[in-house]
Structure formats: structure tokens, C-alpha cells
Undergrad: 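Attaching a single structure in C-alpha cells format; questions to follow.
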Protein chains: 2
Amino acid sequence: MSLDTERDRFIEENGLLFEKLGVTRMSGRILGYLMVAEKENVSFNELTEALKASKSSISTNLKMLLQIGFVKPLTLPGERKTYYMLSPDMDWRAYFAQRLEMINIMNNMFKKGLSLRPSKEDNAAKWLREASEFYDFIIEEFPAMLRRWEEKSKQSGR
Amino acid sequence: MSLDTERDRFIEENGLLFEKLGVTRMSGRILGYLMVAEKENVSFNELTEALKASKSSISTNLKMLLQIGFVKPLTLPGERKTYYMLSPDMDWRAYFAQRLEMINIMNNMFKKGLSLRPSKEDNAAKWLREASEFYDFIIEEFPAMLRRWEEKSKQSGR
DNA sequence: TTTTTGGTTCGGTCAAGACTGAACAAAACG
DNA sequence: CGTTTTGTTCAGTCTTGACCGAACCAAAAA
């Protein structure tokens, strides 16, 4: 249990944050470590040692981070091991767009709820309609917002 | 275990959805029940019976839904019990705005990560800067988006 | 071939927290 | 008063799933 450096505390804090977001604590720690590591390329083994975690846990959680797209692997000629790094070409827009899916599912529940509701005219029905209208609005506006981001990042990006 | 009607299935489905969102299954069931119930005002006792759940679980989860603002209590003169209903004046805008807080916390982690990072120039530093810039953008755009919603709902609302 | 490296997978453990039941409270009713 | 109604709270149980250790595997090295 060493929370000596501010970096260690940052890593644990990020673990807790990820946990609160519904992901595993360990994946948050791994990402946290990659954020503040000495070098940008980190080996599997370095992670197990730095985080004092089992190989299995690192393996599982790393795979998750690779899948989400936060992390990319890097292999070097003449080297057996794989290095891991924060994705150089991380597509935040795509990441966020994908999270819209959850909003869509919520919205479908609202609509389904309304369709199942006996009375279409009472207060609860109104609640459902308003919820759905709001979510429709969000789903409609989001793409435009991401497009504006695209514009803006293009401008400053090159 | 009765999943006879489509309404029952809807309620369980909503429970699972809430669980996936990081809330309790029971709170999702309660909200689901309120969505498709016969009447818009539902008593505590009706909830325990309909959902076959303990009083304690209903009590705890109902309190949570009241706190979030999804549900409102209704008391009637000459009646001891409290009825619960989907909030007639649910403020979806405020609800969403509050969820922005999580984005803010993430953003702060990115910024803190960058400040703790030894090298400010490598790829990981770039990742952190881009993440933070994107989140800055979202945080900046959101209020305007909610204002547009306000406009729109005012137009159609009255 | 055997050994070492780098990692995966699988069975089991352990902890967190959702839910239960029982004890408790408060308020109205008789 | 005692009883009933309407919940709340708290200690305990039970489930889920994150994490661990060990067995396993593939590829390279020796």
C-alpha cells in the first residue's frame, strides 16, 4: 500500500472514478498509469509490477481498454513483448457518439412505456412523452455538435 | 416469478437497464412500474405487492428516485398513506445538466494527469491535451444546447 | 528438443452492496 | 390507553463480479 507520490494517488483516484462510472477499478488504474508514466510505451510486465496486480487482471482489463480504443499496442522488431500506449489517434468523437447508444436505449424504453400505458392522457403519460421528446432532441442535436467539434479541431489541428 | 404480461417484462427490462446504468435494479423496476401502472398515483404498499419486494428495498429505492427528482410524493387530505407518481414537473434539462458534472470530473483528471506527466511533449501528453480539449468543448457547448431545448419546448409547450 | 518469455484462460476466493426480515417509530384511530 | 397503519432503519444474507494464482499455451531462444 504505497500512496507516496502524487502520481500513485492520481492512479488510485482514477481507479475509483472508473469504478463510479461502472467500469473496473483496475482499468482505471491502468489508464491512470499510462497517463502519468515516465515513458509513453509501457510493457505488460511493467503494469503488473507498478500496479501490484496479477497478470490475469492486467490481461483482462488491458483487453477492455484496447477494445474501447483508449489504448493501442505497439510491437517492435526484434522484441517479443508488446508495449501499450494511449491511442495516438484516439477518436473522441466516435467514442462519444457510441455512448449515445445508451441514450437511445433509454429513449426506446420511454416510448415502449408509453405504448404499454393504459391511459395516454394522464400525468404519467405526459412524463413519458416529455422524456422521449427531450431524448429525441438530444439524439438529434448531438451529431451537429460533433460536427462542430470536427470543424474546430481541424482549424487548430493543422 | 411471473413474466406473464408485457408490462411485467417491461418492468424487469427497465430494472436491468438501470442496473447497467449503475443504479439499482429495484429503482428501475419501481420507475418501470410507475410508467405502465393502471393509475398514475401508486401507494407504497402497491409497489411492494406488485414488485414482490421488501418494504425496506422499496423504501430505500423510492427515496433515491425522489432525490433524483424522477418521482414526487402526493398526499391526500383524510388519507394516511403517501402516493407516488412520476414527477409532473420533471426538469429534464436540470437532470441532464447535472450529469455534466461527471464529464467535468473526467476532464479534471485529464488536466491533472497532464500536469503530473513528466514529458509534456510526447504522445501521451498529446492524448491528454486532446481529451481535455474535447471535454472542454462538450462542457462549453452543452448549455447552449439545453437553451435551444428550452426554446423549442416553450414553443410547442404552450 | 528443452527452456524461457510473454501472455491467456480458468477455477476459486473475497468484498461490495442490493435486498430481506425483523425490530422500531410515529401518527391516527378505537 | 392499546391497536393499526405506514413506513424507516439496521443487522444479516446472498449474489455478483473483480481480482488472484496456477495451469496452460505459443513463439522464440538456446
Undergrad: Between C1' on D:dT6 and CD on B:E49, what's the gap in Å once rounded to a whole number?
TA: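 B:E49 atom CD is separated from D:dT6 atom C1' by 13 Å.
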
Undergrad: Nearest whole Å is fine: how far is C:dA27 P from B:K81 NZ?
TA: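 The answer, rounded to whole Å, is 19 Å.
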
Undergrad: Output a table of donor-acceptor pairs, distance under 3.5 Å, between side-chain atoms of residues 74-81 of chain B and any protein atom two or more places apart or on a different chain; print 'none' if there are none.
TA:
from  : atom 1 : to    : atom 2 : distance (Å)
B:E79 : OE1    : B:Y83 : OH     : 3.1
B:E79 : OE2    : B:Y83 : OH     : 3.4

Undergrad: Is A:R7 paired with A:E38 through a side-chain N to carboxylate O contact shorter than 4.0 Å?
TA: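 Salt bridge: yes.
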
Undergrad: Distance alone, cut at 3.5 Å: any donor-acceptor contact between the side chains of B:S54 and B:S57?
TA: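 Result is no, nothing qualifies.
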
Undergrad: Measure from the side-chain N and O atoms of A:R25 to the backbone N and O of A:E19, and report whether any donor-acceptor pair falls under 3.5 Å.
TA: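 No.
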
Undergrad: Within the 4.5 Å heavy-atom criterion, are B:V36 and B:E6 side-chain neighbours or not?
TA: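 B:V36 does not reach B:E6 side chain to side chain.
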
Undergrad: Rounded to the nearest Å, what distance is computed from the OH atom of residue A:Y84 to the C1' atom of nucleotide C:dG7?
TA: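 Going from OH in A:Y84 over to C1' in C:dG7 covers 8 Å.
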
Undergrad: When rounded to the nearest 0.5 angstrom, what distance separates CG in B:N61 from CG in B:L66?
TA: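 One finds 11.0 Å between CG of B:N61 and CG of B:L66.
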
Undergrad: Write out a two-atom table: protein N or O, nucleotide N or O from nucleotides 18-22 of chain C, distance below 3.5 Å.
TA:
from   : atom 1 : to    : atom 2 : distance (Å)
C:dC19 : OP1    : B:M26 : N      : 3.2
C:dT20 : OP2    : B:S54 : N      : 2.9
C:dT20 : OP2    : B:S54 : OG     : 2.8
C:dG21 : N7     : B:S56 : OG     : 3.3
C:dG21 : O6     : B:S56 : OG     : 2.6

Undergrad: Side-chain N or O of A:T82 versus OP1/OP2 of C:dG7: is the shortest distance under 4.0 Å?
TA: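 Yes, because at least one side-chain N or O of A:T82 sits under 4.0 Å from OP1 or OP2 of C:dG7.
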
Undergrad: Over how many whole Å does the gap from B:Y83 atom OH to D:dT6 atom P extend?
TA: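 So the OH-P distance, B:Y83 to D:dT6, works out to 8 Å.
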
Undergrad: Taking the ring centre of each residue, are A:F96 and B:F134 less than 6.0 Å apart?
TA: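 They qualify: ring centres under 6.0 Å apart.
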
Undergrad: Tell me: CD of A:E79 to P of C:dT4, nearest whole Å?
TA: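 From A:E79 CD to C:dT4 P: 20 Å.
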
Undergrad: Under the 3.5 angstrom rule, does the side chain of B:S132 hit a backbone N or O of B:R129 as a donor-acceptor pair?
TA: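 Checked: no pair found.
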
Undergrad: What is the separation between atom CG on A:L16 and atom P on C:dA15, rounded to the nearest whole Å?
TA: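 From A:L16 CG to C:dA15 P: 17 Å.
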
Undergrad: Please write out each protein N/O paired with an N/O of nucleotides 25-30 of chain D under 3.5 Å, distance rounded to 0.1 Å.
TA:
none

Undergrad: Treating A:S87 as the side-chain partner and A:D89 as the backbone partner, does any N or O pair qualify as donor plus acceptor under 3.5 Å?
TA: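 No; zero donor-acceptor contacts below 3.5 Å.
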
Undergrad: Rounded to whole angstroms, how far apart are CG on A:N45 and P on C:dT4?
TA: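 Taking CG of A:N45 and P of C:dT4, I get 16 Å after rounding.
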
Undergrad: May I have the distance from A:L62 (atom CG) to C:dG6 (atom C1'), rounded to whole angstrom?
TA: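 Interatomic distance, CG of A:L62 to C1' of C:dG6: 12 Å.
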
